[in-house]
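Encoded as structure tokens, the structure appears first; notes follow it.
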Amino acid sequence: MFSAELKMLTWNIAAVNNNPFEYWITHPDEDYNKLMQAVEGIIVAAGDFDVPVGTVFTELMWAELKQLMVAQGWKGVEETEKLWLSDYSQRKIIADFMKDKGLGDKRLASMPDRATNMINTLDQGVIFRPTVISCFSGDMSTMPKWWAEWKKFMFEQKVEVPKKGGGTSKTLPCEMLTKIKKAKYPAIDEAEEEISIPLQMLCQAIFDAILLHMVNSVSPGSKWQQLKLDMLAALYSKKDDNTCAILDRTYASADIMFIQEATMHFADKAEHNVLGQKYCVLRPATPSAVNQNSLILLSKKLFDSGTATDVTEDAMAHLTANDPVSPGDLLLFTVLDNCSGKYMVGSFHGDTNGLATLAVLKAVDAVARAMPEFTLVFGLDANTHTKGSKKQQGVTEFAQAFVAAGYNSCWGATPDPLNYTTFNARTYLQAQLQKAVKSTDIDKDPTVTGAFIDKNPKDFILFRQGAFIVVAVAKDNTGVQGFVKDAVFPSMDFPSDHAITSTTLWRPPPPHAPRPSFTESPFTSKAEYEAWVSNLS
């Protein structure tokens, strides 16, 4: 028999980054929904909760912060104090601070959060700023306990980090703040630019204090901390273990696994646990600078891993500097199966708006056409959207492009724009409140509500038209081969915000090979089989 079935999946395994509360998740504990809806209620309509900043981040706390900044020798501390006394201490915590668009445009809280939320150190591993919206797991049950940890982290705990241009340096997290330039962020004025480092530190302290005040106020007994710890275990500290377990437990029969946005730590773990006994883990020669890599896992039963040859650079050579593709985004190999069948396998993670997807498709196609003896199978997070525009790649236009190039997909030649493989939305417990989605809007059509909901058909497996017949295709947001409709993900059992897309492909025999009988074919009806036979002739 000259035909064969191939089982494969594609999965972008990324999800939680720095803030476990940033996106709505499906959580079995009702206290999670109560917490997130209570925070939402405060932000949307604070009422009596909207007290002056000075009652949350107190005068004593400011005095201590001032002393620490002066000890650093920072310029502008006195000017920052004037703004504290005349402006910031008197602002209402919600209306005038958390929801102030001007502060957001000036990046006075988001910039220091980006610099200090998570720090990859060479001597202490990954460390986190003590705040509600980081992966910090210490005690924040009271304002004094939090404040002591926050000051220690920012001003006492020197860490070793890489220096630009090479080498390392010992530095304090507070020293990682940089001046906010008016040339780049025109909302900030010249005077604020001059004092932007101590002003950022003040705004970061106020921001973190308000967040803590909110969650401790609406979560009696600091239940929010236990919820956070449970989420960190499921979606952060044990995420790689849980991801490997799903792949090994539920998809052990897969011949090929296309993985996107994987850390090198995950690649190492997959290689050295039970997955590595069954699969050869192909990884980028040049890993991603942001540790988001495309991988390919090939079944050792089916493929001869010793024949795997990296041809990624051949495809990259067809891209231009204007294509938003970085090292680690694309992985392309040729490999032989154990019967000397020749395959080309690719894995790709597109940019947020999918604007590189067509260029990468064209580049991979060029390599495949130059090596026609290899059968291409390409798993990708195309980052396509239900509706396309100049700013984001539409799924219909993507399908038209791959069909025109001579390809088909696991979802067919005309994939349903509503067949989503991602469904996530930001909460009100994160820095970009303009993108937060009300709990009552999550299930509504975002094209009607205007909500920032990512509910799009993004994940595909492509192959040359006629090379395979799709026997089965499914998506999974549970980890047990199920799909819960209208449930946001990740969940406590499923650690990614992308569903697993799996398919079984049947490779028909060559034209002059013996034709399989109906019972030997993958067709479920005689009519389908006879139609296929008719097309052959």
Side-chain angles (χ1 to χ4, degrees), residues 42-43 46 48-117 129-134 143-144 146-156 172-214 430-434:
I42 289 173
I43 297 296
D48 294 339
F49 195 87
D50 212 1
V51 297
V53 165
T55 65
V56 175
F57 186 78
T58 65
E59 186 66 34
L60 176 60
M61 295 166 77
W62 159 251
E64 292 174 348
L65 179 61
K66 176 187 175 183
Q67 185 178 11
L68 291 167
M69 293 193 295
V70 169
Q72 291 297 313
W74 288 354
K75 295 180 180 179
V77 176
E78 295 300 324
E79 291 82 354
T80 301
E81 181 171 43
K82 291 177 182 178
L83 288 175
W84 161 255
L85 293 171
S86 65
D87 182 3
Y88 288 95
S89 65
Q90 299 175 35
R91 292 186 178 210
K92 295 295 182 68
I93 60 172
I94 305 301
D96 302 331
F97 193 90
M98 297 298 288
K99 296 172 72 172
D100 180 32
K101 185 177 182 299
L103 281 178
D105 292 341
K106 295 174 182 180
R107 304 297 196 273
L108 287 171
S110 61
M111 192 74 77
D113 177 61
R114 183 185 303 174
T116 64
N117 188 294
R129 189 179 79 251
T131 179
V132 174
I133 60 168
S134 77
M143 193 68 71
W146 161 77
W147 182 231
E149 291 285 350
W150 196 93
K151 290 183 295 181
K152 179 181 177 181
F153 174 88
M154 284 292 198
F155 294 97
E156 298 177 25
L172 292 168
C174 68
E175 296 173 319
M176 295 181 176
L177 272 60
T178 57
K179 185 175 286 189
I180 298 176
K181 302 287 188 179
K182 180 174 176 59
K184 187 171 183 179
Y185 301 103
I188 200 165
D189 62 38
E190 288 82 356
E192 290 171 324
E193 178 182 348
E194 284 301 309
I195 64 170
S196 59
I197 290 180
L199 188 55
Q200 287 178 75
M201 187 58 67
L202 170 62
C203 289
Q204 186 68 83
I206 293 173
F207 180 77
D208 287 344
I210 293 173
L211 290 175
L212 185 65
H213 175 63
M214 283 197 297
Q430 45 87 30
Q432 300 185 67
L433 289 179
Q434 75 277 12

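- What you find for T55 and V51 is that their closest heavy atoms are OG1-CG2, 3.2 Å.
- Distance check, rounded to the nearest 0.5 Å: CG of D50 to CZ of R91 gives 12.5 Å.
- Residue D87 holds its CG atom at 11.5 Å from OG1 of T80, rounded to the nearest 0.5 Å.
- Counting only heavy atoms from C-beta outward, the side chains of M154 and P173 approach each other to under 4.5 Å.
- What you find for A205 and F57 is that their closest heavy atoms are CB-CE1, 3.6 Å.
- Between D113 and Q204 there is a side-chain heavy-atom pair separated by less than 4.5 Å.
- How far CG of D208 is from CG of N117: 8.5 Å, rounded to the nearest 0.5 Å.
- In this structure, the side chains of Q200 and T116 stay at 4.5 Å or more apart for every pair of heavy atoms.
- When the ring-ring contact (aromatic ring centres under 6.0 Å, His included) test is applied to W74, no partner is found at least two apart in sequence or on another chain.
- Of all the heavy atoms in P112 and R129, the pair that sits closest is O-NH1, 4.1 Å.
- In terms of heavy atoms, P52 sits closest to S89 at CB-O, 4.0 Å.
- Between the side chain of Q432 and the backbone N or O of Q434 there is no donor-acceptor pair closer than 3.5 Å.
- One distance of note links CD of E192 with CD of E190; it measures 9.5 Å at 0.5 Å rounding.
- No side-chain heavy atom of F207 sits under 4.5 Å from any side-chain heavy atom of L103.
- What you find for C174 and F155 is that their closest heavy atoms are SG-CD2, 3.7 Å.
- Between W150 and W147, the ring planes are parallel. Angles under 30° get that label, and only those over 60° would be called perpendicular.
- Salt-bridge formation is not detected for the pair D189/K106: no Lys NZ or Arg NE/NH1/NH2 atom is positioned less than 4.0 Å from an Asp or Glu carboxylate oxygen.
- Within the 4.5 Å cutoff, side-chain heavy atoms of I43 are placed close to those of I94.
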Does the side chain to side chain contact (heavy atoms under 4.5 Å, CB included) test come out yes or no for L68 and M201, once each step is laid out?
CA-CA 11 Å; L68 291 167; M201 187 58 67; over 6 Å; no
Check residues 177-188 and write down every donor-acceptor pair under 3.5 Å in which the side-chain atom is one partner and the other belongs to a residue at least two apart or another chain.
from, atom 1, to, atom 2, distance (Å)
K182, NZ, P186, O, 2.9
K182, NZ, I188, O, 3.1

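- Considering only heavy atoms from C-beta on, E81 comes within 4.5 Å of L85 through its side chain.
- Within the 4.5 Å cutoff, no side-chain heavy atoms of I197 are placed close to those of K75.
- Atom CE of M143 is separated from atom NE2 of H213 by 7.0 Å, given to the nearest 0.5 angstrom.
- The CE atom of M176 lies 15.0 Å from the CZ atom of R114; values are rounded to the nearest 0.5 Å.
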For I206 and W84, run side chain to side chain contact (heavy atoms under 4.5 Å, CB included): C-alpha distance rounded to whole Å, both residues' side-chain angles, the deciding distance at 0.1 Å, then the answer.
CA-CA 11 Å; I206 293 173; W84 161 255; 4.1 Å; yes
Evaluate L83 against L202 for side chain to side chain contact (heavy atoms under 4.5 Å, CB included), listing each step before the verdict.
CA-CA 10 Å; L83 288 175; L202 170 62; 5.8 Å; no
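- In this structure, L199 and Y88 have side chains that are in contact, with non-hydrogen atoms separated by less than 4.5 Å.
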